[in-house]
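Only one structure is covered here, and it is reproduced in the block below.
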There are 2 protein chains.
Amino acid sequence: MSRHDEIRQEMLRRINDGEWPVGSDIPHEMVLTEEFGAARGTVRRALSTLVEQGLIERRKRAGSRVVGQTSQTSKLHIPLIREEIESRGHAYSYRLLEREVKPGLHGIGTRNGLLWVRCLHLADGAPFQLEHRTINLDTLPQAAEQPFRVTGPNEWLVREVPATRVITRISAAAAEAEIAEILAVPEHAPLLIVSRETFMGEAHLTEARLSHPAEQYQVTTLSI
Amino acid sequence: MSRHDEIRQEMLRRINDGEWPVGSDIPHEMVLTEEFGAARGTVRRALSTLVEQGLIERRKRAGSRVVGQTSQTSKLHIPLIREEIESRGHAYSYRLLEREVKPGLHGIGTRNGLLWVRCLHLADGAPFQLEHRTINLDTLPQAAEQPFRVTGPNEWLVREVPATRVITRISAAAAEAEIAEILAVPEHAPLLIVSRETFMGEAHLTEARLSHPAEQYQVTTLSI
DNA sequence: AAGTGGTCTAGACCACGTA
DNA sequence: ACGTGGTCTAGACCACTTC
């Protein structure tokens, strides 16, 4: 355990034991620096981690204070669907349903159009995730050469394309007739839907709508 | 924009423009330090942010390399339900449905028991979130004195209790008859369910199961 | 206005993992 | 075995925000 970890542990203990109650100011950096006998940078590193965790707040000239659970954030990690399925011990398979180039929309893909893909990811032969994928051919023209016949767009994107910004939306919906049939669930069965938009800088790269039968899938996040 | 931000921006540009393609090694710290004319710590800070964003990977003695979207993580921030409703411009109201102390389970709350609360959060008078809450009275004995009659457990927890670890699970389900009635949706209507377990160190603090009519609610996450 | 947190520098030592 | 990234120190200047 590094020194800044030790210092952070001790700070956590003080918060936990009520020595630094929620809402109270904690000692200034220089005080802590002397007390722990460490350099200022080391103390600051411990404090920064606590800020990331959402346990303390820092304001210039006003010191730092302990906060409650308000600003608790978690990390959401959505792995490759193949890895997700294989990590559960199931056999992964893939089926391309549709692939076509469509004209652009709303200023996205207006020059080269949009590559539109619909495909299915299966676990032990049973439908697990229905993927509606749109790829912007203005920013990713190489995608036009990808058949996506034996592996999905995800695999290719992960291997080739870096992204700086991802927006993920998680929602629930009742399965419409067509989707219900593809996913082999009753009509109006609950679905868990993950929608992701991916950007590189300001450039829009791709968009995915991933529908799962609710019984088979849930999203889990861990704290920072 | 601070120097480490400028350096990071330039690194992002190189990744974006393919000067540093996915899978390739990027220059060593000392090379970058010289090139940018900054201190090593500043370059390292820029690199650290890129690691957090999941854009590069670092391995001792082997250098750093650009990775694809595999390890993309997002930050999930679930605010106080009251703030969520008010930020949409609706009037928030609260109704306590049930409150009772139950014996502990699975080693959780085995001394003092568990405080079990069921309550409803409404937007403009319409049901928005049904909350099933369990509070561990071993770790949070003060909770036993809280009536939760006019404000929910959330408000109290946020004000009083810090947490170091939060596990969040997001799932979908069809509304059972009783829940459907409380939420004023048809039976079997899709629900978006957010479950959270909260810990301070190893100590289990509280657990919540938050059910929302799917039409009214979705979870959004942003990249780091 | 002043003191806090934020940033940056320059240097050193260390441990680990790959070559 | 050795060079890389990881950590820590000591010091300085700055800008913001509260007092």
Side-chain angles (χ1 to χ4, degrees), chain A residues 1-12 14-15 19-68 70-71 73 75 162 224, chain B residues 1-12 14-15 19-68 70-71 73 75 162 224:
Chain A
M1 176 128 48
S2 44
R3 188 83 185 96
H4 70 261
D5 275 326
E6 287 172 13
I7 294 175
R8 198 185 73 241
Q9 291 300 326
E10 169 61 14
M11 290 173 171
L12 280 173
R14 293 181 187 186
I15 293 171
E19 291 177 30
W20 291 353
V22 173
S24 72
D25 283 3
I26 70 177
H28 294 157
E29 279 183 357
M30 291 315 293
V31 177
L32 294 168
T33 296
E34 270 190 59
E35 189 200 326
F36 286 110
R40 185 174 162 224
T42 308
V43 171
R44 280 185 58 73
R45 183 153 179 187
L47 288 168
S48 299
T49 307
L50 294 177
V51 169
E52 267 188 73
Q53 289 186 9
L55 272 165
I56 66 172
E57 240 176 26
R58 324 194 66 190
R59 300 149 315 173
K60 283 189 187 180
R61 180 141 180 103
S64 307
R65 71 156 66 126
V66 182
V67 296
T70 322
S71 48
T73 55
K75 267 191 187 169
I224 298 173
Chain B
M1 176 129 49
S2 45
R3 187 84 185 95
H4 70 262
D5 275 324
E6 287 172 14
I7 294 175
R8 198 184 74 240
Q9 291 300 325
E10 169 61 13
M11 290 173 171
L12 280 172
R14 294 182 188 185
I15 294 171
E19 291 177 30
W20 291 353
V22 173
S24 73
D25 282 3
I26 69 177
H28 293 158
E29 278 182 359
M30 291 315 293
V31 178
L32 294 168
T33 296
E34 270 189 59
E35 189 200 327
F36 286 111
R40 185 174 164 225
T42 308
V43 171
R44 280 185 58 73
R45 183 154 180 187
L47 289 168
S48 299
T49 307
L50 294 177
V51 170
E52 266 189 72
Q53 289 185 7
L55 272 164
I56 66 171
E57 238 175 26
R58 324 194 66 189
R59 300 149 317 175
K60 284 190 184 179
R61 182 147 177 100
S64 307
R65 71 156 64 126
V66 181
V67 297
T70 322
S71 48
T73 55
K75 267 190 188 172
I224 298 173

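Each chain gets a letter, A, B and so on, in the order its sequence line appears, and its residues count up from 1.
Regarding L47(A), its CG atom lies at a distance of 8 Å from the P atom of dG5(C), rounded to whole Å. One atom, CE of M30(A), and another, C1' of dG3(C), lie 12 Å apart when rounded to the nearest Å. Note: CZ (R58(B)) to P (dC16(C)) measures 17 Å, nearest angstrom. The separation between D25(B) atom CG and dT18(C) atom C1' is 12 Å, rounded to whole Å. Between the NZ atom of K60(B) and the C1' atom of dT18(C) there is a distance of 12 Å, rounded to whole Å. As rounded to whole Å, 12 Å separates atom C1' of dG5(C) from atom CZ of R61(A). Between the CD atom of E57(A) and the C1' atom of dG5(C) there is a distance of 14 Å, rounded to whole Å. Rounded to whole Å, the distance from CD on E34(A) to P on dT4(C) is 12 Å.
Closest of all the heavy-atom pairs between V22(A) and V67(A) is CG1-C, 3.9 Å.
The outermost nucleotides of DNA chain D lying under 4.0 Å from heavy atoms of chain B, listed 5' to 3', are dC2(D) to dT7(D).
Residue V43(B) is the one, among V43(B) and R40(B), whose nearest nucleotide of DNA chain C lies closer to the 5' end (criterion: closest heavy atom). Comparing G63(B) and A39(A) along DNA chain D, the residue whose closest nucleotide (by nearest heavy atom) sits nearer the 5' end is G63(B).
A search for salt bridge (charged side-chain N to carboxylate O under 4.0 Å, His left out) contacts involving R3(B) returns E6(B), not counting sequence neighbours. Partners of R40(B) according to the salt bridge (charged side-chain N to carboxylate O under 4.0 Å, His left out) rule, which considers only residues two or more places apart in sequence or in another chain, are E29(B).
At a threshold of 4.5 Å between non-hydrogen side-chain atoms, the residues Q53(B) and L50(B) count as touching. Counting heavy atoms from C-beta outward, L12(B) and L55(B) have side chains that approach closer than 4.5 Å.
Using a 4.0 Å heavy-atom cutoff across all strands shown, R45(B) reaches sugar-phosphate atoms only and no base atom. Counting any heavy atom pair closer than 4.0 Å across all strands shown, R44(B) reaches a base atom.
In this structure, Q9(A) places its CD atom where more than 12 heavy-atom neighbours from other residues, nucleotides or ligands lie under 6.0 Å away.
Comment: R8(B) does not engage E52(B) in a salt bridge, judged by the lack of any side-chain N to carboxylate O separation of less than 4.0 angstrom.
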